[in-house]
Amino acid sequence: MDSFEWLQGYTIGFGLHHVDFTNPNRPRTPKYSAHFFSQVVKDNGFPKPDDDKMLYGHFRKDFIWSTATASYQIEGGWRADGKGLSIWDKFAHTPLRVLNDDDGDVACDSYNKVEEDVAMLRQLKVTHYRFSISWSRVLPDGTTKHINEAGLNYYHRLVDALLAANIQPHITLFHWDLPQALQDIKGWENETIIDRFRDYADLIFSRLGHKVKFWITINEPYNVANIGHGYGAAAPGISFRPGTLPYIVGHNLLKAHAEAWHLYNDTYRAKQKGIISITINSDWSEPRNPYKQEDIDAAKRVVQFYIGWFAHPVFNGDYSNMMKTIIRERSLAAGLPKSRLPEFSPEEIKRIKGTYDYFGFNHYTTVLAFPVDYGKLQHYDADRRILNFIKEEYGNPPIIITENGMSGRGPIDLNDIYRSYYYEQYINQALKANLLDGVDIRGYTAWSLMDNLEWATGFSERFGLFYVNRSDPELSRVAKSSVAAYSTIINCNGFPDPASGPHECLSPVPEGTSAPITDDTVKFLGMNLSTSDAETGLNTTFALLVVAVLGAIGSSVCFFRARNRSK
């Protein structure tokens, strides 16, 4: 128990039990560590929990297997063929906004690499590919006054190439890169954007809808509202009204989504026969101490303010009572005349409720919650827990996991066994949710297809199944080991029981059925080298360059700029 800790007195506590030294009776209360240690004693060690044991089985026959990207992160061609500026073009060109001053001017050059991208998808054996359209590429000023046919043609070529490879396109209309021209008139803060988004959606449905059956209106409205307009860590980088502006932006995002959904439902669905929804992101939250009511309540608040902010209006109608009550009470306590959370009219509630064909869900990690703060951790079975939460909270809607993945930093390692393990564990938890808990899971999407510009962390954070060699002017793509791991799960449509003997889905793929992006070589100075040799060559070249530069400076011969941005 906590006790008199020598020179520190009673200021720190090592005990398994908390002792209240302010109470003359010195009551003892078990901490979480006491419960944990008790379980260790009971188990005489650390047996593998049932939740962590593999479940062998398969998903439904028409299960969607996909991987994903976003336009700004991979396309490049930032001023190509009449494209307008987006808020991410401006944000990334603002010093100190993106790590290492990276930008998406070229990115992965997917604007010029349709064939290479589709080849990677074929190698993965995915059934679907989730990508987004750059609003400013097709409508340079964000309105339909001028339609950029050259920009639209890129998406036609991509969709046609996907269909030719028997891969279904899954298109996101808005994945954060708002046209700068609309931001100049206050963007998502301005209610007129609702009509602009509807017009944009109308154009895309009319031009591509006869080929595309899967749609997402808006990706991660939480991040658009809170990260972009609260913390300011993403475009448009606004942080001066963190307690007010995110709620205004979120309100308009919901109404814009509803208008696009109704447009598709009323005008295009009967003929095009597709499905459309919004994609909502959320962490799962666990109480730091599951035996402490304050922590349990804090965990519930985290989830309601995260997933519930946008899911409640779409699936249940209006914001949750918890969210409305807390924001109203804090607003009034701050001396404001009303809640900072805008209210929907009865007509708007009716218009927004039910605007989904499936629950598009992005999930990555878990947080530990307690009243003051929370911290992140990895928790594989949280995938199952939050999927069950969606089932119980929102009436067991069909769920497509539209993003899930794991990043890496530091030296390049194509043998990314940590990522393979991550996919195996998360997908298996999804299978458990489906087979054991009855959660209606229709698809899984790995983030991401390739290493790309990971928003404010630039190119230093890598989620890709494929490595993009940025030292090669051709930006060659190389498969990591996770490609084989993920494609095997896809090929097996789950996890065959090894006790039944080798399953046919585990047999080697016949030669010629996948794209030839399988070797561990990269191009460097015109030569084909292994990645380790290329890294050695790059380091040697850099060292020689440093020597040359220092010599040049010492003799006052010339001056080098450290970085020359190509416009």
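Because only heavy atoms are used, hydrogens play no part in the values below, and waters and symmetry mates are left out as well, while side chains stay in.
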> Who pairs with Ala70 by side-chain contact (heavy atoms from CB on, under 4.5 Å), at least two apart in sequence or on another chain?
Replying inline: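 Here the qualifying residues are Gln73, Ser132, His175, Trp447, Trp455.
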>> Among residues at least two apart in sequence or on other chains, which ones pass side-chain contact (heavy atoms from CB on, under 4.5 Å) with Ala484?
In response: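 Once residues adjacent in sequence are excluded, Ala484 has no partner under the side-chain contact (heavy atoms from CB on, under 4.5 Å) criterion.
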>> Just to verify, which of Tyr306, Tyr356, Trp309, Phe310 counts as forming a side chain to side chain contact (heavy atoms under 4.5 Å, CB included) with Ile280?
In response: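 Of the listed options, the one satisfying the test is Phe310.
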>> Side chains of Ser482 and Asp416: any donor to acceptor distance under 3.5 Å?
In response: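 Yes, because at least one side-chain N or O of Asp416 sits under 3.5 Å from a partner of the opposite role on Ser482.
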> Is it the case that Asn493 and Trp65 place a side-chain donor and acceptor less than 3.5 Å from each other?
Replying inline: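 Checked: Asn493/Trp65 side chains pair up, N/O donor to acceptor below 3.5 Å.
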Quick test of your reading of the model: are [X] and [Y] salt-bridged, counting only N-O distances below 4.0 Å?
| X | Y | result |
| --- | --- | --- |
| Asp117 | Arg477 | yes |
| Asp81 | Lys83 | no |
| Arg157 | Asp160 | no |
| Arg207 | Glu149 | yes |

>> According to salt bridge (charged side-chain N to carboxylate O under 4.0 Å, His left out), does anything in residues 391-407 pair up with another residue at least two apart or in another chain? List the pairs.
In response: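 Checked against salt bridge (charged side-chain N to carboxylate O under 4.0 Å, His left out) - neighbours excluded - the pairs reaching residues 391-407 are Arg130-Glu403.
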>> Can you confirm whether Trp88 sits close enough to Leu178 that some side-chain heavy atom of one is under 4.5 Å from a side-chain heavy atom of the other?
In response: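 The answer is no, as the side chains (C-beta and beyond) never meet within the 4.5 Å cut-off.
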> So is Arg137 actually on top of Tyr111's ring, under 6.0 Å and inside 45° of the axis?
Replying inline: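 Yes, Arg137 lies over the aromatic ring of Tyr111.
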